[in-house]
Amino acid sequence: MDYFKDGLKNYFTKNKVAVIFLIVCLAVIFLSSFIASGIQSDGWTVEVTDLRDETNEGTKDVVTVVEGTETVKTETIKGKVVSGILFKPKEASADNPLPAVVLTHGYLNNREMQLQNAIELARRGFVVLTVDREGHGNYENSGSTDALMATNGLYDSVKYVYNLDYVDKDKIGISGHSMGGMTTASVLAQDIQLGLVSAGLMQAWSTFFMAGADVDVGFLKAKDDEFFFTDPKAGIISREWLTSNAAKTFTGETGDSVVNKAIYVNGQIVETTGGQEVDGAFRVIYEIDGVHPQNHCSVEGANAVVNFFYSAFGTPNGFEYISEGNQTWWVKEMFSLIGLIAFFALIFPMVSLLLRVPFFRSLKGKQVATEDGTLVWVDNALPEAKPLKGIQKNLTYWLGAIGIALFSGFSINSIYTEYGDKWFPNTQLYPQDTTNWVAMWAVCVALFSVAVILFFWFVNGAINKIRYKEQGSSYTENPFASARLQSGFGGLVKTFVLALTVVGLLLALLFLNWAIWKVDFRIWTFAVKVFDLGVLLPTIVRYSVFFGIFFIVSAIFNENYRAKNLPEWASILINVFFNIFGVLLVVAIQYGTFTTTGEMWQPEMDLGYIVLFPMIPILAIATVISRRMTAKTGNIWLGAFINTILFTLITCSNTAASFSYIMG
């Protein structure tokens, strides 16, 4: 026992810096999650529950009138929540039932994307349920692309909420974003017979079908929306939609334009007071600054959602009115971001400590005998880099980086619109349509990068042979030298095991953190979230083959741009810049044009560039991981494996599936 204690003490003494770094990262993660949880639950006055496959049942007397004859029929209401997060204020009870709102997300998103609105409504006294829809998040697709459009996830959840004894059955609202807005519109029409829903707000969706006579209905739209609120025949763009016939017909406005954020009752604007229920069924359109995906990450957007449900249901009993501008969700989002940063930072001390474990020690270096026969550990060294000087070195250094960066950005359109479906169609083995084309784009960028690397290797070799004759080969750097394994195939397997260990420990932390606090790590559309690992794992493995090609080549590319006379931090920043520049450039052109003129540079890429929003931080973080892991092991494989496993997992758990997942 003393031997074990001494060994452990010696281990921590030798690795004090890494141990302290590890402890700091863990402390930041749990402290930020603790604070985020407190904000999310309004100081723990709101109970937050992760619902999975929950059902309940109740009844409702439905009155119908046929030819003047009134008939009352008792209908069975079967509620079901496959995957949802329930926010229950502590004041909610059978003796004090509170209004309820069911929220849902758009295409490719998940229940967590409505946390902004859930937090703000729950702290004001509303029972809130934010749910995954079929084919998204933790709600597996039943088998076809049609399921993505179904109302099941939302309407079944409305029924579940209706059956809760602490919910006011006369005050149940719904709201969804984008495709979830379409689902909201569909549920309003579908619910006319049962009459469970009293108010519906469609976020980023432009078509209203119908609703019950007493139902309050509203639109929430971005000033510039990539998808909706346009009438091509009339030549109306999104920012002009308030002047369209559709908007005026919806509100009953007879003038030139609908008044933004005004409450209309029977076509007339009515005065409203904060937190007071509007008398009579109303219509309203909220137009906020920004673009389509900003609806659910916007103070102005949350303001509109709160205002709508205050106007529909009034201030819940037992609560005081809180102004719509008084918001805390963004503070929670900031602490979730801090947790996200610490989550990725944890990789570095974790790897440092694991490389000191006897099983993995050989990956860091090898034992070498000194003159007196003593064995000492010598760390693996990186291939020696040459100084960045001279026309030849600078041209090959910068031209290659610029060429690859531009190709990575300007190839996106063609792959998304023309070749993605042809080369990589949706199947049950690969059921995530957006992951398919992103994976195909990643492979194309990787292959182009290899071609560029080979081209400049050949050119440099030819020039050096002319300049230095027989010694020319000593001046030509091997761009693939960092891919060599000092430990052979066994070392490659061990490296992969180490990468699995690191990602496995990160996942364990993620799920533990969620179990304790009901928060994960995120900022806007970039999130590391809990998911059904058993269901998704085979699909993640299949997609990892394609992303693995990209991250391996990217790791080699990162090492090629290492110059002897540049410090490591400068080399990392240069690599980060070139790895994100291409994508960032086309996104900047698209949205710079869109927010300036109201029309997109590439309208066919309305969804394509949104899909790549999270790729920008992923590429930056992956670059840092790649460089630092190479510095620790002397080759690119550990960083490439960690990036492949971790970012394939993150990508696959944050999008939609057009088919049910299959095992094997």
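In terms of heavy-atom proximity, L510 sits nearest to K529 at CD2-O, 3.5 Å. Closest non-hydrogen pair, T184 versus G176, comes out as OG1-N, 3.0 Å. In terms of heavy-atom proximity, F209 sits nearest to A189 at CB-CB, 4.2 Å. Minimum heavy-atom separation, F308 to G218: CE1-N, 3.5 Å. Across every non-hydrogen atom of S178 and F228, the tightest pair is OG-CE1, 3.9 Å. Among all heavy-atom pairs drawn from F551 and A622, the shortest one is CE2-CB, 3.7 Å.
For the atom pair CG (L51) and CG (D132), the distance works out to 11.0 Å, reported to the nearest 0.5 Å. Expressed to the nearest 0.5 Å, how far CZ of F126 lies from NZ of K171 amounts to 8.5 Å. Here CD1 of I610 is found 12.0 Å from OG1 of T434. Values are rounded to the nearest 0.5 Å. Residue S653 holds its OG atom at 6.5 Å from CD1 of I540, rounded to the nearest 0.5 Å. Atoms CD1 and CZ, on I285 and F229 in that order, are 8.0 Å from each other to the nearest 0.5 Å. To the nearest 0.5 angstrom, E112 atom CD is 7.5 Å from T130 atom OG1.
Judged by distance alone, the side chain of Q203 and the main-chain N or O of S175 form no donor-acceptor pair under 3.5 Å. A donor-acceptor distance shorter than 3.5 angstrom exists from the side chain of Q294 to the backbone of V291, with no hydrogens or angles considered. Remark: the backbone N or O of K88 is not paired with any side-chain donor or acceptor of E47 at under 3.5 angstrom.
With 3.5 Å as the limit, one finds a donor-acceptor pair spanning the side chains of H292 and D225. No hydrogens or angles considered: nothing links the side chains of N326 and R124 as a donor-acceptor pair under 3.5 Å. Looking at N317 and N96, their side chains do bring a donor and an acceptor atom within 3.5 Å of each other. In this structure, a donor-acceptor pair under 3.5 Å is absent between the side chains of S660 and N141. Using modelled atom types and a 3.5 Å distance limit, the side chains of T59 and T76 yield no donor-acceptor pair. Looking only at atom types and distance, the side chain of Q114 has no donor-acceptor partner in the side chain of T104 under 3.5 Å away. Under 3.5 Å, the side chains of Y543 and N436 contain a donor-acceptor pair of N or O atoms. T183 and R133 share a side-chain donor-acceptor pair at under 3.5 Å.
Aromatic ring centroids of Y430 and F546 lie under 6.0 Å apart. Taking the centre of each ring, F208 and F219 stay at or above the 6.0 Å mark. The aromatic ring centroids of F613 and W524 lie less than 6.0 Å from each other. In this structure, H296 has its ring center closer than 6.0 angstrom to the ring center of H177.
Checked options T525, N654, L103; the residue passing with M113 is T525 (criterion: side-chain contact (heavy atoms from CB on, under 4.5 Å)). Tested against T495, the residues L500, L638, I642 include a single side-chain contact (heavy atoms from CB on, under 4.5 Å) partner, L638.
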Only pairs under 3.5 Å count here: list side-chain donor-acceptor contacts from residues 23-34, not counting sequence neighbours, and write none if there are none.
{"from": "S32", "atom 1": "OG", "to": "V28", "atom 2": "O", "distance (Å)": "2.7"}
{"from": "S32", "atom 1": "OG", "to": "I29", "atom 2": "O", "distance (Å)": "3.0"}
{"from": "S33", "atom 1": "OG", "to": "I29", "atom 2": "O", "distance (Å)": "2.8"}
{"from": "S33", "atom 1": "OG", "to": "N513", "atom 2": "OD1", "distance (Å)": "3.1"}
{"from": "S33", "atom 1": "OG", "to": "N513", "atom 2": "ND2", "distance (Å)": "2.9"}

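Ring geometry, H136 versus Y107: the interplanar angle exceeds 60°, so the pair is classed perpendicular (tilted spans 30 to 60°). Ring geometry for Y321 versus Y310: interplanar angle of 30 to 60°, hence tilted.
Judged as a salt bridge (charged side-chain N to carboxylate O under 4.0 Å, His left out), and not counting sequence neighbours, the contacts of D520 are R522.
A salt bridge links D50 to R111: at least one charged side-chain nitrogen sits closer than 4.0 Å to a carboxylate oxygen. Using a 4.0 Å cut-off between charged side-chain N and carboxylate O, K159 and E57 make no salt bridge.
The number of heavy-atom neighbours closer than 6.0 Å to CZ of F227, taken from other residues, nucleotides and ligands shown, is above 12.
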